[in-house]
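Side chains are part of it too, since the values below use all heavy atoms of this structure and drop only hydrogens, waters and symmetry mates. Every chain is numbered from 1 and lettered A, B, ... according to where its sequence line falls, protein lines coming before strand lines.
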Amino acid sequence: MFEWLSEITGNQILAAFISAIVPVAFIVPFVIFAVWLERKVSAHMQDRLGPMRVGWHGWLQTIADFFKLIQKEDIVATATDKRFFNLAPYLVFVGSYAVYAALPFSSKYIGSNTDLGLFYIIAVSGLVVAGILMAGWSSQNKYSLYGALRSAAQIVSYEIPTALVILAMVMFTGTLNLAKLSDMQTSSFWNWYIFGGPDWGLSKFLVIPFMLVAFLLFYISSLAEVNRTPFDMPEAESELVAGYHTEYSGMKFAMFFLSEYGNMFAVSAVVSVLFFGGYQSPFGYIGNLIGASWMVPFEQVFWFASKGIFFVFVQMWLRWTLPRVRVDQLMTICWKYLIPYAFVNLIIIGLISLI
Amino acid sequence: MKEYFKNTWLGIWTVLVGMKITLKHVFQPAVTIQYPDVKLPLPERVRNRLYVNIDDCIGCDQCARACPVSCISIDTVKSIPGDDLGTTSNGKKKALWVTKFDIDFAKCCYCQLCVFPCPTECITMTETYEFSEFKRKNLLYHFSSLTNEEAGLRKQNWEKFQAEKEALKAAAKPPVPPAAKTE
């Protein structure tokens, strides 16, 4: 898309700017949709209706909330460390937005088709920790600080199983490039890595159970990395008011929300790229069938978005199913269960990929 | 070691059981009633806002006396012989002009004690329960069908009638001693 745009506009900077706008144009409507979805999902899981009065089944509710947040006064307490307090929400948002640079939305659009895509995503999502820590610490509020420290401890711990699973996937596939990863799982759903990848043979069938384990491990640890229930210790409403964003109001609070929901989609997208074929359709393309090949990239965007939104829905589903874990339980799950399993899984997948 | 795997299995299994339950609830109809659009049917004999059918009221003041919070205030004027007040729906002849029949719903405790003593069953409980107001004085309901001018006219008529009666009496009787007049 960048090449195409630079051909059209004749200006690389403008082309880069336009292709960088695309993820924002995706994130904001997605967040508006996801917040509405979250409220509806939570409501229906509790036999309620959720927002019903703003638009059809309340679909305009989030937009109304958004306008309310814009109008709100931006309250900054006197004791806060203003420079970092003001910087933190943007840093958090930048962290989650930067992840989108490496996500392949379709074969024609990828922000940066770098060979280190997965590595870059792991590295950049670590920036969110810095932002959250900054927010909590500069708020000069004990609850905020608690939330931020919990978040830091949690994200740092859960990076390990995530990285180990990604390592196993890299060993099996031989690439860190997300676009290449998606391309390898083309044509049909049995080529997805959750079903053992595109190479037919003994290793494909041997690896399936371990791929399932890898998927579970990755999904659980990514859940913890985006601070979602059952691992939402940093925001634990019943204990910490609202965790690291207690002191924030108005648009800055909205930035935290934007980055939280943006992150949710980002990790879901990584899950779908690693295990569920990314932007590839599970059964061929209508565009190829009717001979309109220009349709294929749009179908790919559709599949990418719907896979991502499905995993976001599962995250919400888990949120409204499970209670929050305690801090010690959180650490137990990570260090005593996920990491050993991830290590064993890494070794077994490594051995299988030797066959 | 055995317990370790058991824990792992339990962790996954119980989450799946929980997810199944919550997914089941997604497809169950919600219990929410969208209040202003849909209302729950009220039970029989609900006690809400009072209504006074002033055409049936004979101005006997029994409801006001029964009221434990004194939220009903009634003023009456006696009719003069020429007045036609009509009858109540159960055939009683009305003898009083009800110039004022005010119920203050800010005070009313909805106990229904005023309903029972009414001889003509003109004060009743209705099913209206949405009558909140921004100003408390708007909760003072006026049930009297007479306007202020009409009420004043009735009063004047009665006073005139009374005065004529007095005059007749005074004409028939010897004048009252001055000492009694100063009372």
Residue part contacting chain B, namely of A/Leu322, when any heavy atom lies under 4.5 Å: side chain
Identify which part of B/Leu23 has an atom lying under 4.5 Å from any heavy atom of chain A, answering side chain, backbone, both or neither. both
So for B/Phe27, is it side chain, backbone, both, or neither that comes closer than 4.5 Å to the heavy atoms of chain A? neither
I'd like to verify something: which residue of A/Val41, A/Asp47, A/Val314 has the highest number of heavy-atom pairs under 4.5 Å with chain B? A/Asp47
Begin with the C-alpha distance, continue with both residues' side-chain angles, and end with the deciding distance and a verdict on salt bridge (charged side-chain N to carboxylate O under 4.0 Å, His left out) for A/Glu38 and A/Arg319. CA-CA 9 Å; A/Glu38 169 110 61; A/Arg319 172 168 179 184; 3.6 Å; yes
Taking atom CE of A/Met45 and atom CH2 of A/Trp317, what is their separation to the nearest 0.5 Å? 6.5 Å
Starting at CD1 of A/Ile32, measure out to CG of A/Leu37 and round the result to the nearest 0.5 Å. 13.5 Å
Go through the side-chain N and O atoms of A/Tyr341 and B/Thr8 and say whether any donor and acceptor fall under 3.5 Å apart. yes
